[in-house]
Amino acid sequence: QKVTVEVLDHLEHLALVDFRDLEGVEWLQEAIEFADQLHEVNTDGMEPMDSVLEDRCLYLREDDVTEGNCTKELLQNAREKVEEYFVAPPGNIPLPKLEERETFLQG
Amino acid sequence: QVSAALREGRVTPTELCQKCLSLIKSTKFLNAYITVAEETALKQAEESEKRYRRGQPLGVLDGIPVAVKDNFNTAGIETTCASNMLKGYISPYNATVVQKLLDQGAVLLGKTNLDEFAMGSGSTDGIFGPVRNPWSYSSQYKEKSVPKSHSEDKESNWVITGGSSGGSAAAVSSFTCFAALGSDTGGSTRNPAAHCGVVGLKPTYGLISRHGLIPLVNSMDVPGILTRCVDDAAVVLGSLAGHDPKDSTTIQDNFKPFELPNLTDVSKLSIGIPKEYHAPGLSSEILALWSKAADLFKNAGAKVIEVSLPHTRYSIVCYHVLCTAEVASNMARFDGLEYGHRSDMNESTESMYAATRREGFNDVVRGRILSGNYFLLKQNYEDYFVKAQKVRRLIASDFVKVFRSGVDVLLTPTTLSDAVPYMEFIKEDNRTRSTQDDILTQAANMAGLPAINVPTALSERGLPVGLQFIGRSFQEKQLLTVAKWFEKQVKFPMIQLEVVKKHDHGVFQHQKSASVS
């Protein structure tokens, strides 16, 4: 079953990355087919494994401040900044819909 | 050996550093280094020299030139991950493993080349171009390659290093450094180690801190160690392993650095040969070598038995799903706001992010992000992501069963064949190649087990072939002891490189003994 344009569009929105061309879409199609092999395996009664260290307790540090005050270093790598803020374009504008976007999926 | 030479004053850290730096310049055609930190390296070497003169070196690694894969953060030095997304990004901090090396006095020569964001098995897909395997220029390879015609560019049949830590492997293999850091998520340290004829160690997940290693798959990534001999790997491991409060996935057990014993009696050893690792596509040469290695152990008195890891062939599929899913999550941090490339698009946050990511990532990265997001969609989550996690448990428990049955160490091939020429490698796309090449190395990452590639012999084409040992969780000492015994038995030949010979033979003489002690 092929992936629908709606799903492809949805993925582009979620990932904020574009398929670019037919090859990109085919890549996904092949990835899905490849992954489908998983369904050959019988996993009845198996618990999913999150981490190989699941038998151990996760380590949490004490909530003590041990380092910080590195505002200057952190801001150094940002392109757009004002005083001590990272500057972003307006955030409450969603990515344009499929019809209005410049995307390969239009075709 | 070289450490002893430093202590005895036969060579000084600055001499060593300068020789390595000039060798790096002479081997520029290998494209192993993205950034060479000449000034800082020389400064570090000078500091080291002062310490040696006072008779107070920090340790075995003091003054030793090392290289680090370019996906580790290094303060003040550009860290690119071979991607446009991070071009020009100067890390504000050192990764824990880098800091540990520097604290021991190691001299950081530079950052090595890789596949973009460590995704790939050839070190061919980064923005700085592919890495060339130093063995392409060895007399061993040149003797065996039949020139097809006068006009054929001799340059064009150079072979790949494997990946994704190809730069690190090439750097170690061409003598430009004594040890290098790589990363291993699906075999990225062991694969290039096998192709470049060096030792590649993947430690147990949780032993070495990942803080500062730009993450790919949080549940499988580990820093990898590349050296010219097993003893060196043990030394580097000793300085890197241990709990890091900044990485909560490092175990809290106390780690004691160890020296490897010289094993003489292997009769108490039980070596497992997993039959599923006789994978389709395994070259007959490597199959024969694997067999010979098994016999080597048998003849020395060890118990060698065939074992089964039934879910091996699903490992790569499982990896494909889990890797792309975690990658989709990890790559979300690259939005152009706080660091890295930022697009000029300014209409909205989302469109800026989308444009930044379109401009910054290559096809491979984008492909994985999109696939990962697909598998994580609500309608697919159970069928793909959770399913893969269940299969992962099956794979991990395969290993547990085998080790519980008394096997100490598993012996398998590392790669399906020797290094292929670049022109041939690029005929297939990155995913196909990764799928093929990771097949033998991937399962160890699934289960978090330690694994090591030991260079074994030269193929008919004059290129290195390695074999892999997989050990029990956190039993690096046992794993490396066996690896060292094996290394001693096979006496892998040293690479014969014109360019190295032209340089001062004296210093690198020490290296010869390193691999044949």
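Per chain, numbering begins at 1; letters A, B, ... match sequence-line order.
- For A:Glu62, no part sits under 4.5 Å from any heavy atom of chain B, backbone or side chain.
- Between B:Tyr384 and A:His39, a ring centre-to-centre spacing shorter than 6.0 Å is recorded.
- Interface residue B:Phe474: only side-chain heavy atoms are found under 4.5 Å from chain A.
- For A:Arg20, the parts lying under 4.5 angstrom from a heavy atom of chain B are both the backbone and the side chain.
- Residues B:Phe385 and B:Tyr374 place their aromatic rings such that the two centres sit no closer than 6.0 Å.
- A distance of 6.0 Å or more separates the ring centres of B:His243 and B:Phe255.
- A salt bridge links B:Arg393 to A:Glu54: at least one charged side-chain nitrogen sits closer than 4.0 Å to a carboxylate oxygen.
- Only the backbone of B:Met446 has a heavy atom closer than 4.5 Å to any heavy atom of chain A.
- Contact of B:Glu347 with chain A is made through the backbone alone, with heavy-atom distances under 4.5 Å.
- B:Phe117 and B:Phe361 have perpendicular rings, their planes meeting at more than 60° on a 0 to 90° scale where under 30° would count as parallel.
- Contact of A:Asn92 with chain B is not made at all, since no heavy-atom distance falls under 4.5 Å.
- The part of A:Val87 that comes within reach of chain B is its backbone (N, CA, C, O), which places non-hydrogen atoms under 4.5 angstrom from that chain.
- Separation of the B:His211 and B:Tyr93 ring centroids falls under the 6.0 Å cut-off.
- With a 4.5 Å cut-off on non-hydrogen atoms, B:Gln252 touches chain A through its side chain but not through its backbone.
- Residue B:Ile316 touches chain A through both its backbone and its side chain, counting heavy-atom pairs closer than 4.5 Å.
- Contact annotation for A:Glu30: both backbone and side-chain heavy atoms come within less than 4.5 Å of a heavy atom of chain B.
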